[in-house]
**Q** 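Structure incoming, see below.
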Protein chains: 2
Amino acid sequence: MGGTQERDIRERFRRSGYTLTSQRKAVLEALGESRGHPSAEDVYLLVKKKNPRVALGTVYQALSVLEEIGVIGAKHWSESPTRYDLNVDPHLDIRCLGCGEVSEIPGVDLGDLEDRLRGATPYEVTRAAVVVEGLCPACRAAG
Amino acid sequence: MGGTQERDIRERFRRSGYTLTSQRKAVLEALGESRGHPSAEDVYLLVKKKNPRVALGTVYQALSVLEEIGVIGAKHWSESPTRYDLNVDPHLDIRCLGCGEVSEIPGVDLGDLEDRLRGATPYEVTRAAVVVEGLCPACRAAG
DNA sequence: TCGGTGACCAGTAATCGTTCCTATTCGCGA
DNA sequence: TCGCGAATAGGAACGATTACTGGTCACCGA
Ligand SMILES: [Mn+2]
Ligand SMILES: [Mn+2]
Ligand SMILES: [Zn+2]
Ligand SMILES: [Zn+2]
């Protein structure tokens, strides 16, 4: 399931040729602590608590290689910075237009959507993502 | 179908309280000329050909009200500026990762996806969009 | 264990798309 | 025709992200 453990992560780094530095470890740990879908800035602030010398650019670069080697996922909404996720299994996330919180939507199957896309366009389809927005219960209550 | 005509547009402006200015008309015309899915910058360059005094900010503002009153549509990809579209019917568009071209994917039905989303999250679902990326035939050939 | 070397990092500047600001102009309604 | 709120031009500011550069570190091999 979701929990990619230390062993696996080291292996992914080794195979990719990237090195597992303390900064990259710290970014990964911050992502675990945040228990959600933090932005690069969120991760930066968490990492800085333990090591005040890290640079924001380093966090961006770490997130980028972690995503590239498949250890974390990244999702984009139009009115928010990119959100990162330890959950790399295919799943949907919804973002609240009120407070910006992102949560997972379990149990929705897209079926053969990608296949149908491939059949309907001469393009080679690389990626299809469903971007969902709404209002969380708290923001809905607050009107 | 797609072609929202002059009459309808005037009516939408009247009801919304916005005024149909020459700049807004020009933006709409540019969108018609461009025959595609131009960015704000693309629209700006087209509008400027006929009226070199328009400001880029005005184009952004015009696009925003045109979208608000339902005359045009806007779509977002993560690695591209917002693209605008005269086609306001629900449909899918794919963006080429090579050249940035956007084209429509006809005949794909999302079925009851939105309903299933609503059933699977406590959020009030406002919007669900499918973002599709790939390689156009030309870019695929150029490999 | 101890360098040597190429990858990495901190700090900062730059970029890009977009929005904001303000003085001026426009255009509709009385 | 006049008055006034809405819209615009021009340019500054903004937020997210990337690029650059000189110093630093991780790791492989002797
Ligand atoms: Mn998630
Ligand atoms: Mn379209
Ligand atoms: Zn909320
Ligand atoms: Zn292409």
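Heavy atoms only: backbone and side chains are in, while hydrogens, waters and symmetry mates are out. Lettering follows sequence order; numbering is per chain, from 1.
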**Q** Find the distance R10(B):CZ to dG27(C):C1' and express it as a whole number of Å.
**A**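 The answer, rounded to whole Å, is 14 Å.
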**Q** Distance alone, cut at 3.5 Å: any donor-acceptor contact between the side chains of Y123(A) and E133(B)?
**A** no
**Q** Should Y84(A) and L28(A) be counted in the same cluster of Ile, Leu, Val, Met, Phe, Trp and Tyr side chains packed under 4.5 Å apart?
**A** yes
**Q** For R140(A), look at atom CZ and say whether over 12 heavy atoms of other residues, nucleotides or ligands are found less than 6.0 Å away.
**A** yes
**Q** Can you tell me how far C1' of dC8(C) sits from CZ of F13(A), to the nearest Å?
**A**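 Answer to the nearest Å: 12 Å.
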**Q** Sub-3.5 Å donor-acceptor pair from the side chain of R12(A) to the main-chain atoms of I69(A), do we have one?
**A**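 Between the backbone of I69(A) and the side chain of R12(A) there is a qualifying donor-acceptor contact (under 3.5 Å).
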**Q** Quick one: do L110(A) and V125(A) end up in the same hydrophobic cluster if we chain Ile, Leu, Val, Met, Phe, Trp and Tyr together by side-chain heavy atoms under 4.5 Å apart?
**A** yes
**Q** Is a salt bridge present between E114(B) and R118(B), judged by a nitrogen-to-oxygen distance below 4.0 Å?
**A**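 Result for this pair is yes, salt bridge flagged.
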**Q** Evaluate the side-chain proximity of R83(A) to W77(A): yes if any heavy-atom separation is below 4.5 Å, no if none is.
**A** yes
**Q** All N/O contacts under 3.5 Å from nucleotides 14-24 of chain D to the protein, with atom names and distances to one decimal?
**A**
from, atom 1, to, atom 2, distance (Å)
dT17(D), OP1, T82(A), N, 3.1
dT17(D), OP1, T82(A), OG1, 2.9
dT17(D), OP2, Y60(A), OH, 2.6

**Q** Would you kindly say whether H37(A) and E104(A) are connected by a side-chain donor-acceptor distance under 3.5 Å?
**A** yes
**Q** Would you mind reading off the distance between Y44(B) atom OH and dC16(C) atom P, rounded to a whole angstrom?
**A**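 After rounding, the gap between these two atoms is 16 Å.
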**Q** Which atoms of nucleotides 3-8 of chain D (N or O only) lie under 3.5 Å from a protein N or O atom, and what are those distances?
**A**
from, atom 1, to, atom 2, distance (Å)
dA7(D), OP1, R24(B), NH1, 3.2
dT8(D), OP1, T21(B), OG1, 2.6
dT8(D), OP1, Q23(B), OE1, 3.3
dT8(D), OP2, Q61(B), OE1, 3.1
dT8(D), O3', Q23(B), NE2, 3.0

**Q** Between dC8(C) atom C1' and K25(A) atom NZ, what is the distance in whole Å?
**A**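 Result: 15 Å.
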